[in-house]
Number of protein chains: 2
Amino acid sequence: MAEAPKRGKLQKGKATIFDVAEQAGVSIKTVSRVVNNEPNVRQRTRDKVLEAVGRLQYRPNAAARSLSGRRSWVLGLIYENPLEFSYMKDVLNGTLSACEEREYSLLLRPLTLPSPDLVEHIERFVIQARVEGVILPAPMGDLSELLRLLREMKVPFATITPKTLAAGQVNVLCEDREASFSLTEFLINRGHRSIGFIKGDPDHSASGNRFAGYQQALEKHGVSCMERLVRQGYFDFDSGKAAAAELLDLPEAPTAIIASNDDMAAGVLLEARQRGLSIPGDLSVVGFDDTPLASRLWPPLTTVRQPIREMAETAAGLLMNKLNGKAAQPPKEPFACEIVIRESTT
Amino acid sequence: MAEAPKRGKLQKGKATIFDVAEQAGVSIKTVSRVVNNEPNVRQRTRDKVLEAVGRLQYRPNAAARSLSGRRSWVLGLIYENPLEFSYMKDVLNGTLSACEEREYSLLLRPLTLPSPDLVEHIERFVIQARVEGVILPAPMGDLSELLRLLREMKVPFATITPKTLAAGQVNVLCEDREASFSLTEFLINRGHRSIGFIKGDPDHSASGNRFAGYQQALEKHGVSCMERLVRQGYFDFDSGKAAAAELLDLPEAPTAIIASNDDMAAGVLLEARQRGLSIPGDLSVVGFDDTPLASRLWPPLTTVRQPIREMAETAAGLLMNKLNGKAAQPPKEPFACEIVIRESTT
DNA sequence: GGATGCAGTGATAGCATTGTCATATCGGGC
DNA sequence: GCCCGATATGACAATGCTATCACTGCATCC
């Protein structure tokens, strides 16, 4: 009856910092130092503590750590809801892998646009979970209201977008314009002069950039950009098919069509096939993004690929550096895109 | 200099339960009651508190709540790493939506199999983040080591798998066998008697079930199941294509091929096309899962769809019910699958 | 009229960690 | 042998919440 033990009996995996301290014969603060790799702990002490940690299977309690340290070690990923999956798959993989490396957790926040309770959602996200920083893959970087809100809440964020944002922001650039330029040039070099273009959703800044690249390539090679060869699409299969129908109905139909993503290109392929056109004999078709779809279509699609996964990983990494006061961003490598030539082009 | 205020000046979104209590003129415990919808608070008091909450933009701090309440309000989703995306997309959407509804957070844990440090990963996940329960989409339910580990750690889990697990477990069943049975029967009814089958990865129990459904349908209709018409695949495009090549090389090639998923069916389509076969004229092809790919292929693929998203949502919901001591699972609805007939079959 | 019960409320003790600051120890230099 | 500055360690408060239990009224019961 002398003195109740400070903590209850140990249960596997439920050891606390007190148990470790007791086992190692040091104070809890020292355990904390060791566990967090802080300096000023003698090697012998460190070893003792680590041994106790191992024996007790001690794992610091994330909640306590975050409450006490006023750091949540949580990153948020805000993305557009009906998600373009092959893109988000890469974003997700890249972000997760960066988080894992630095022992951050990742919280997902799908957003259906337009979102009337955006503020509500984001506040919940940021205040309640105390999210430290947010990753904004395209097209979230285009939502000025969201950016404003995040700035107002003083939550650092990293964008993956074709748009250059204010300096000092973490901003990994998609080279959409360059990619589109190369792709168009590729077609021109193959002899095409009448090249149709199907734009993407106007709310995505990628759409504008891809179109701009197309225009610039045409201009460079002295091919006039004809408005009648440009159609509006919305990044989905059906709009691609519909736009292709219009283009192919033209008296002087184009000999090649650039769709602003692979899904629309798939639509073009279907429309062409239903008209009995041979591809690439009668019509060359190219897409964007090199989704898994591209290689499974018939014929396999020539497309252009950006290293999305790496870009996301970089964005998350830079963001975490910023959160931890590490050096300003290392010179952003330019993440070159790559044309993947398959059989849908002559 | 009389008495320092108990808390510092308010900053937007940083109000604590003390601030709310002060504003509302009640104790912090009462605020806690209101915020957590606990009973035994007079309506007038409740209103006062809610008003203060609104004015101060108070959001309970998740870390403090979880530390104090010994509940993390976090669910884990463990999935196979190179993810089959269209499947995981549905799983993710369903799980997230269930979590959102009940104000849980979701943590992701991709697992690359085989995983030598599975134990390490899971322990980190479960102990450090204090994950309360885990969702295991197929094929994670097949990893007996993982299940054993979770049981040992006393972490409840919910599986989405064709396999029936021990009673009392949350276990949403995929009707793979039934789906495959229907699909095979569909082909038989269309007159096919020589039906090839490409199995999936033998490590996924779905593979076995899909094959079993095929066999049973053949048997029911008195069509003998010929071993030479069955090939092993691994759920990927290339293995599907290779298996198709073997089947089509047969002296008496099948008139229809069932691939155990859409990606392999896409491989079959490509192989058939390269041999100049007309589809569905010379060969009918069907897949599984109704991925976006299925409707974009040429010809669009007849396939069978299971309501994965709903299944995941249900699994997560049941799991959370269990965690909160709610009634045992309501009679599991049988999540019927549906044959999606497109143009790849006669 | 005193005991009983219960809805409504609050004081206080955790929860498991990190931050702050004080203290102990060490290794030299003289 | 003593002092100094740096290094190493610990005591204790703070974090923001929930759990526990005690307390206050007030209606009900015999």
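Keep in mind that this is a model prediction, so the values were computed, not measured.
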In this structure, how many angstroms lie between the [atom2] atom of [N] and the [atom1] atom of [X], rounded?
X        : N       : atom1 : atom2 : answer
Ile17(B) : dA19(D) : CD1   : P     : 11 Å
Lys48(A) : dA8(D)  : NZ    : C1'   : 12 Å
Phe18(A) : dG14(C) : CZ    : P     : 12 Å
Glu38(B) : dC17(D) : CD    : P     : 14 Å

Subject >> Given Leu106(B), Leu77(B), Ile135(B), the one that forms side chain to side chain contact (heavy atoms under 4.5 Å, CB included) with Cys99(B) >> reply: Leu106(B)
Original post:
In this structure, are over 12 heavy atoms from other groups packed under 6.0 Å from Glu310(A) atom CD?
Top reply: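 Count over threshold, so yes.
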When rounded to the nearest 0.5 angstrom, what is the spacing between [atom1] in [X] and [atom2] in [Y]?
X         : Y         : atom1 : atom2 : answer
Tyr79(B)  : Leu136(B) : OH    : CG    : 13.5 Å
Ser68(A)  : Leu67(B)  : OG    : CG    : 9.5 Å
Leu147(A) : Glu145(A) : CG    : CD    : 10.0 Å

**OP:** For DNA chain C, determine which residues of residues 99-107 of chain B have any heavy atom closer than 4.0 angstrom to one of its atoms, and list them numerically.
**Re:** none
Subject >> Residues within residues 60-73 of chain A bordering DNA chain C, heavy-atom distance below 4.0 Å >> reply: Pro60(A), Asn61(A), Ala64(A), Arg65(A), Ser68(A), Gly69(A)
Subject >> Axis deviation across the helix from dG1(C)-dC30(D) to dC30(C)-dG1(D), five-pair ends, to the nearest 10° >> reply: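 Computed angle between terminal axes is 50°.
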Within the side chain of [X], is there an N or O that forms a donor-acceptor pair under 3.5 Å with the backbone of [Y]?
X         : Y        : result
Asp19(A)  : Thr16(A) : yes
Asn61(B)  : Ala64(B) : yes
Glu132(B) : Trp73(B) : yes

**OP:** Hey, could you give me each pair passing salt bridge (charged side-chain N to carboxylate O under 4.0 Å, His left out) that has a residue in residues 87-107 of chain B? Not counting sequence neighbours.
**Re:**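 Checked against salt bridge (charged side-chain N to carboxylate O under 4.0 Å, His left out) - neighbours excluded - the pairs reaching residues 87-107 of chain B are Arg109(A)-Glu100(B), Arg124(A)-Glu103(B).
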Original post:
Once each nucleotide of nucleotides 5-11 of chain C is scored for protein heavy atoms under 4.0 Å, what B/S/- sequence comes out, 5' to 3'?
Top reply: --SSBBB
Original post:
Would Asp47(A) and Gln43(A) satisfy side-chain hydrogen bond (donor to acceptor under 3.5 Å, both in side chains), going step by step from the backbone distance to the final call?
Top reply: CA-CA 6 Å; Asp47(A) 292 342; Gln43(A) 189 56 46; 2.9 Å; yes
Original post:
Of all residues at least two apart in sequence or in a different chain, which pass the side chain to side chain contact (heavy atoms under 4.5 Å, CB included) check with Thr161(B)?
Top reply: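 Applying side chain to side chain contact (heavy atoms under 4.5 Å, CB included) to Thr161(B) gives Asp142(B), Thr159(B), Lys163(B), Asn171(B), Ser205(B).
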Original post:
With a 4.0 Å cut-off, would you call Glu51(B) and Arg44(B) a salt bridge?
Top reply: no
Subject >> Which atom of Pro137(A) lies closest to which atom of Met88(A), heavy atoms considered >> reply: CG-SD, 4.1 Å
Original post:
Does dC17(D) have OP1 or OP2 sitting under 4.0 Å from an N or O in the side chain of Ser32(B)?
Top reply: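 Indeed not, no polar side-chain atom of Ser32(B) lies that close.
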